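Since the structure comes first, as C-alpha cells, the remarks are kept for the end.
Hydrogens, waters and symmetry mates play no part in the numbers below; they use all other heavy atoms, side chains included. In what follows, chains carry the letters A, B, and so on, assigned in the order in which the sequence lines appear, proteins first and then strands, with residues in each chain numbered from 1. What you are looking at is a predicted structure, and each value in this text was computed from that prediction instead of being measured.
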Amino acid sequence: MRTTQTLIATQREAPADAEVISHQLMLRAGLIRQLAAGIYTWLPLGLRVLRKVERIVREEMDRAGALEILMSGVQPAELWQESGRWDKYGPELLRLQDRHERQFCLGPTHEEIITDLIRREIRSYKQLPANYYQIQTKFRDEIRPRFGIMRAREFLMKDAYSFHLTEQSLRETYQLMYATYTRIFQRFGLEFRAVLADSGNIGGNTSHEFHVLADSGEDRIVFTDSGDFAANIELTPAPLPAQPRPAPQQTLAKVATPGLASIDEVSQSLKVTPAQCLKTLIVNGREGGLVALVLRGDHELNRVKAEKLVTVARPLSFASAARIKEHTGCSIGSLGPVALDIPVIADHSAGRLADFVCGANSDGYHYTGVNWGRDLSEPDCADLRNVVTGDVAVDGSGTLKIARGIEVGHIFQLGTVYSEKMQANVLDETGKAVTLIMGCYGIGVSRIVAAAIEQNNDEQGIIWPDAIAPYHLALIPIHMHKSQRLRDAVLPLYQQLQDAGIEVLLDDRRERPGVMFADMELIGIPHRFVFSEKGLDHGVIEYKGRRDKEITEVPITGAVAFIRAKLTVLKSNRYP
RNA sequence: CGGGGUGUAGCUCAGCUUGGUAGAGCACCACGUUCGGGACGUGGGGGUCGUAGGUUCAAAUCCUGUCACCCCGACCA
C-alpha cells in the first residue's frame, strides 16, 4: 500500500478527553475516530489490526474444531424472558422496539440465542460435544464508557459456546479452549497470563481469565514464580497469620485525635504503624441491618470475599455516612469495633492483633492498647483482605507477586444455567432426555487492539508486534519525487517485497523525512527501510526495527531475504 | 444513576470576570525558499461561539432551560 492511496490520519495532539495511552495513540495514529460516547469508527489502518486479531482467533478456533456461525446483534425479548435475564440484566441491556411494538435488545452476549439454536438443531447425544463460535459486535450500555476502545459500549468479541452430555466432556473442551487461548495469545506476541477467576454472576464453577500484562491494567493478578499459582486478586486466598496473637501489654486508653480520620493520619499522629491500627468498614447487611468489617490498617478490603459472607448484602454496598452517624453517633473516620452493637467480622490478620489502635465511635477520639477478648469480645474471623506482595501462596508454591493486567479473555464452565431454563436437552443412549451441559469462552477482540498498545508503546507512539501490525514494513524513500534513481530502486523492491508475502507501506508522500519517520513510528510499523541517494551510491538501504536504537545497513539486493528473516510471523503464523 | 467539569475553526486552546468588528498555534490550500528527525516566508480557505429562549440599542460574554461530551464512584471482554 502507498501512503497516498490510504488514509494516513495522524495528528500531533490528542483530544483532551483521551485519558489512557492506548486511546490517545489510537486517535493520534488515525486508527479510530469517536462517533458517540463509547462508539467508534475504525479507520483503514485500525481495521487492518482488528482484522488480524480476528484472523488469528478464527484460525485457532477452527483448528480446535469449533464451528463458526454468525448470530444477529438484535435479539428478541422472548428468549431473554425465557432465561429470566430480561428483568435481571438492568439498563446495561439496550432495549428497543420495532414498528409492531415488539421488544428487542442489542445483544451484549449470546447465550440465549445459541441455546435456542442448539435445542432446535441438536437432538441426539451422537451430535455431541459441539462447540460453536462467532465473531460479532456486542453492545453493552455501560453506565460510563471510558478508556476508548478499552471499555467501549460497542465492541467486537469472539464468543464460543460448547454443549455436552457429561461433565467430563465439558472439562475436556474447557481444557482444549484453555490450550487454544494460550496459542492465540502467544501468536499475538503479547505478554499474557492465564489466571483462576471468579465466575461472577454468569454462574458456573470453574473459570479462567486471560490477561494482557500492562501497568495500566485495571485488574490485579497474583502469581508465584513457579507459576503453579495464578489467580485474579479477587479470589486469591490470603494465608492465615503464622504467629499466634501476642499477649496484651498495654492498657486500654482513649486518646483525643481531633480532626484525624484516615489510618495514615492517625498512625502518624500516634506514632504507630498502619499495621497496628484497625480500620472498620460498615456495609449493608443482607437482612437490611448493618455489618462491620474490620481489617488491619495496611490491608485492603476484597469485595468478592466480603460478598461471600452470608450476613453481607450482595452486591456489596457501603452504608451511607448518614446511616452510620445515626447508628453509631460518629462519622466514618472514628469507627471502631469496641462496644459496637452490630455484627463484627474481622479479617484473620486483624484478629491476630494485640494492643492495637482503633476508632472510639466518638468523633475526635481513638482507643490505643485495645485487645480482643479483654476490651471487646473475640471476633468472628474470615478472609476479607486482598493479598499483598510477599504473602505466601496457600498452595505452598512460594511467595506471591502481583501484576496489573487487562482482561482480554474469559472461559467458563457454565453448567446447566441456561439449558435448564430454556429446556435444551438431547436424548441419551437409553432414550432419556438429558439437560445439556454448557461451557462458554469469550475473547475481547477489539479490546486486544487497545491492550496491545497499552503494553507496547514509547514516546514516539505505538510499537506493534509483527503478528498484528497493520503493515509489517515501512518503506521511506527520501525525496523520491525528485529522484528517478530512487524511484528505480524503490518501486521494483516494493513489488518484490509484496510478492514475497510481506505487507509493505510505501511512504510516497512529498513529505520531508522527519514527517515520514514520525508518522511511521506513531503508527507503529515494526520494521522500516530508508532509501537515499547516498545509500544507493553504496548499494545499501537502511534498516531499523521499531525498538532498535541503531540503524543497520543492508545491501539492496539482499533486502527481501533480510526482512523475511526478521519476520518470524510469516512462517510460524501459517498452519496447513 | 449520584457528584464535579467542559462545550469557541479538523486538533490544542485564548477571549467571558467588566456585553460593543470572533482570535492564536498546529492542520488544510496556493506560490516561493528550504530538504536525512514533525522547515520558513507570503497570501488564502474555514467558526449558526453546542442548542432553545430571555435580558439589552447591542450577547461567545449576563440569566434560564436543554443537549452532548469528559472526569470521580457500583459492572465487564
- Query: For A/E234 and A/L522, take the nucleotide of RNA chain B holding the closest heavy atom to each; which residue's nucleotide lies nearer the 5' end?
  - Reply: A/L522
- Relative to the 5' end of RNA chain B, which residue comes earlier, A/T10 or A/G442, by the nucleotide with the nearest heavy atom? A/T10
- So A/L335 and A/I324, side chain to side chain contact (heavy atoms under 4.5 Å, CB included) or not? Walk me through it. CA-CA 9 Å; A/L335 290 170; A/I324 290 173; 3.9 Å; yes
- Sole residue of A/K279, A/R220, A/K305 in salt bridge (Lys or Arg N to Asp or Glu O under 4.0 Å) with A/E300: A/R220
Would you indicate what [X] reaches in the nucleic acid, counting non-hydrogen atoms under 4.0 angstrom: base, sugar-phosphate, or nothing?
| X | result |
| --- | --- |
| A/R509 | nothing |
| A/A152 | base |
| A/D519 | base |
| A/E209 | nothing |
| A/E13 | base |
| A/V515 | base |

Separation of atom [atom1] in [X] from atom [atom2] in [N], rounded to whole Å:
| X | N | atom1 | atom2 | value |
| --- | --- | --- | --- | --- |
| A/E19 | B/rU6 | CD | C1' | 15 Å |
| A/L156 | B/rA77 | CG | P | 15 Å |
| A/N232 | B/rC76 | CG | P | 12 Å |
| A/Q24 | B/rU12 | CD | P | 11 Å |
| A/H23 | B/rC71 | NE2 | P | 8 Å |
| A/Y40 | B/rC70 | OH | C1' | 11 Å |
| A/H410 | B/rC76 | NE2 | P | 10 Å |
| A/L35 | B/rC69 | CG | C1' | 13 Å |

Identify which nucleotide among [options] has an atom closest to any side-chain atom of [X], counting heavy atoms from C-beta outward.
| X | options | value |
| --- | --- | --- |
| A/R146 | B/rC72, B/rA77, B/rC69 | B/rC72 |
| A/E307 | B/rC75, B/rA77, B/rG36 | B/rC75 |
| A/S532 | B/rG36, B/rC70, B/rA77 | B/rG36 |
| A/A36 | B/rA77, B/rC76, B/rC69 | B/rC69 |
| A/R512 | B/rU34, B/rA77, B/rC11 | B/rU34 |
| A/K534 | B/rC75, B/rC69, B/rG36 | B/rG36 |

Please determine whether a side-chain nitrogen or oxygen atom of [X] lies at a distance below 4.0 Å from atom OP1 or OP2 of [N].
| X | N | value |
| --- | --- | --- |
| A/R28 | B/rC11 | no |
| A/R303 | B/rA74 | yes |
| A/Q460 | B/rG38 | no |

Could you give the distance separating [M] and [N] at their [atom1] atoms, to the nearest angstrom?
| N | M | atom1 | answer |
| --- | --- | --- | --- |
| B/rU21 | B/rC62 | P | 16 Å |
| B/rG10 | B/rG46 | C1' | 10 Å |
| B/rC72 | B/rC31 | P | 48 Å |
| B/rA14 | B/rC1 | P | 29 Å |
| B/rA68 | B/rG32 | C1' | 45 Å |
| B/rU17 | B/rC28 | C1' | 35 Å |
| B/rU64 | B/rU6 | P | 15 Å |
| B/rA22 | B/rC67 | P | 30 Å |

- Heavy atoms only: give me the nearest A/A9-A/L43 pair and the separation to one decimal. CB-CD1, 4.3 Å
- Look at the aromatic rings of A/H481 and A/H479 and report parallel, tilted or perpendicular, splitting at 30° and 60°. perpendicular
- Query: Under 30°, 30 to 60°, or over 60°: which ring-plane class applies to A/F185 and A/F210, parallel, tilted or perpendicular?
  - Reply: parallel
Does the cation-pi check pass for [X] over [Y], that is, NZ or CZ under 6.0 Å from the six-membered ring centre and within 45° of its axis?
| X | Y | value |
| --- | --- | --- |
| A/R487 | A/F531 | no |
| A/R33 | A/Y40 | no |
| A/R95 | A/W86 | yes |

- Task: Using the six-membered ring for Trp and the full ring for Phe, Tyr or His, decide whether A/F517 stacks on the six-membered base ring of B/rG36 (centres under 5.5 Å, planes under 30°).
- Result: no
- Task: Once you apply the 3.5 Å cut-off to both distances, tell me the Watson-Crick or G-U wobble partner of B/rU56, or none.
- Result: none
- Message: Under 3.5 Å for both donor-acceptor distances, Watson-Crick or wobble: does B/rA68 have a partner, and if so which one?
- Response: B/rU6
- Note on the structure: Numerically ordered, the residues 535-556 of chain A set in heavy-atom contact under 4.0 Å with RNA chain B is A/E542
- Near-strand residues of residues 478-488 of chain A, defined as heavy-atom separation under 4.0 angstrom from RNA chain B: A/I478, A/H479, A/K482
Residue [X] excluded, over 12 heavy atoms near [atom1] under 6.0 Å:
| X | atom1 | answer |
| --- | --- | --- |
| A/Y132 | OH | no |
| A/E553 | CD | no |
| A/E191 | CD | no |
| A/R48 | CZ | yes |
| A/Q484 | CD | yes |

- Run the ring pair (Phe, Tyr, Trp, His ring centres under 6.0 Å) check on A/F412 and A/Y441 step by step: do they pass? CA-CA 6 Å; A/F412 296 91; A/Y441 319 93; 8.7 Å; no
- CA sep, side-chain torsions, deciding dist, call: A/E154, A/T137, side chain to side chain donor-acceptor pair (under 3.5 Å): CA-CA 7 Å; A/E154 190 190 66; A/T137 298; 5.4 Å; no
- Message: Walk along nucleotides 27-33 of chain B from 5' to 3' and tag each nucleotide B, S or - by protein heavy-atom contact under 4.0 Å, base first, then sugar-phosphate.
- Response: S------
